[in-house]
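Everything below concerns the one structure shown next.
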Amino acid sequence: MPLDEKGSLAAIVTLDGPAGVGKTTLARNVAEALGIFYMDTGAMFRTLALRLGPGAEQRSAADLLEAGRQWVFSLEGQGSRTRLRCNGDPVGEEIRTEEVGMLASRIAAVPVIREILLEAQRSLATAGPLVAEGRDMGTVVFPQARHKFFLDAAPEVRAQRRLLELRQRGQEADINELAEQIRQRDAQDRNRAIAPLRPADDAVIVDTSYLDIAAVQERILQHIRDKGGLSRS
Ligand code: DC
């Protein structure tokens, strides 16, 4: 991937943060505003979690490596129309449940799973400028990205947002249960030994607790403009 004269990757925007902070919506909106594609890496972990099934984190590294190699991710379209595919099949709503999120968080602590997806994520990024969202985009996968953001919000606020999101999809949930799931997932994602959730030293931290999506989006776009946009010079 081409570096600019300061040794950074100008055309990569990283958005990291905990569950339910609004990363996917923001990644989609920012990608749309910039006319580039976005990569939802949580969706990649969720897809593997769903295909491997419960208990996958206990399987041997060799077994997981063999299974993981069968699945190839691709991206098509751009902006809000970016679509993730796995072996050519569109990744859809089937991955968007809290149960799959929890399975994804478990397999995300397994080194061989992270290696498989790290390679896939870097390879997808060679196709052009993109917004990469996840937990370790700014720290591990694209440490040289020029534009790094870390989004955060109080767990209760995130649980409330998840509730609304699920309702929009016609699913009901209990707010206290959602808050508990979010706390558990936070603990798992922040405390794992490999690529834990944390802001990169050079990330801009945005607390979204009291901001709506449009305000956060404008803040991000302003920072990107202030740092020279996506051009290499
Ligand atoms: O962002 P999400 O809720 O779709 O992510 C699901 C899980 O996948 C999350 O709890 C941890 C894991 N994940 C990760 O470890 N690293 C990433 N870059 C993205 C997701």
Side-chain angles (χ1 to χ4, degrees), residues 12-28 30-31 38-54 56-57 64 68 71 73 75 82 84 86 91-125 130-143 145 148-153 155 157-159 161-166 169 171 173 178-200 203 208:
I12 294 192
V13 177
T14 63
L15 285 188
D16 288 307
V21 79
K23 295 184 304 290
T24 306
T25 309
L26 278 160
R28 189 187 300 131
V30 168
Y38 75 92
M39 178 168 67
D40 174 351
T41 62
M44 298 169 81
F45 281 93
R46 284 169 182 262
T47 302
L48 287 197
L50 193 59
R51 295 195 178 209
L52 289 166
E57 65 280 7
L64 288 174
W71 296 307
F73 288 96
L75 284 173
T82 308
L84 176 68
C86 180
V91 171
E93 290 294 300
E94 68 284 358
I95 62 164
R96 305 280 168 205
T97 64
E98 282 308 303
E99 289 69 31
V100 176
M102 187 55 87
L103 289 182
S105 175
R106 288 202 193 113
I107 63 158
V110 179
V112 69
I113 296 282
R114 298 209 74 86
E115 278 161 35
I116 292 168
L117 288 183
L118 175 102
E119 208 177 292
Q121 289 153 7
R122 287 197 180 145
S123 142
L124 290 175
L130 90 165
V131 180
E133 69 100 335
R135 302 290 186 288
D136 59 340
M137 295 297 105
T139 49
V140 176
V141 182
F142 303 113
K148 295 184 188 178
F149 299 89
F150 188 89
L151 307 173
D152 214 345
V157 175
R158 290 186 275 132
R161 288 183 187 158
R162 261 286 137 88
L163 185 71
L164 292 178
E165 197 185 309
L166 289 171
R169 288 201 211 104
Q171 298 173 33
L178 280 179
E180 184 47 36
Q181 284 165 337
I182 278 184
R183 277 194 200 94
Q184 271 183 32
R185 207 130 74 82
D186 276 1
Q188 235 164 240
D189 294 346
R190 287 184 208 268
N191 297 325
R192 66 180 175 227
I194 171 168
L197 170 67
R198 67 166 185 85
T208 73

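In each ligand, atom 1 is the first atom listed, and ligand 1 is the first ligand listed. Predicted model, so just to flag it, every value in this text is computed and none were measured.
Sequence neighbours left out, the pairs with a member in residues 92-102 that pass salt bridge (charged side-chain N to carboxylate O under 4.0 Å, His left out) are Asp40-Arg96, Glu93-Arg169, Glu98-Arg162, Glu98-Arg185.
Sorted by chain then number, the residues whose non-hydrogen atoms approach ligand 1 to under 4.0 Å are Lys23, Thr41, Gly42, Phe45, Arg46, Ala104, Ser105, Ala108, Arg114, Gly134, Arg135, Asp136, Met137, Arg185, Asp189, Arg192.
With sequence neighbours excluded, the residues forming a side-chain contact (heavy atoms from CB on, under 4.5 Å) with Ala195 are Arg114, Asp136, Val140, listed by chain and number. Checked against salt bridge (Lys or Arg N to Asp or Glu O under 4.0 Å), Lys23 has no partners two or more places apart in sequence or in another chain.
One distance of note links CZ of Arg135 with CG of Asp189; it measures 5.0 Å at 0.5 Å rounding. Considering OG1 of Thr139 and CZ of Phe150, their distance stands at 9.0 Å, rounded to 0.5 Å. Considering CG of Leu75 and CG of Leu130, their distance stands at 7.5 Å, rounded to 0.5 Å.
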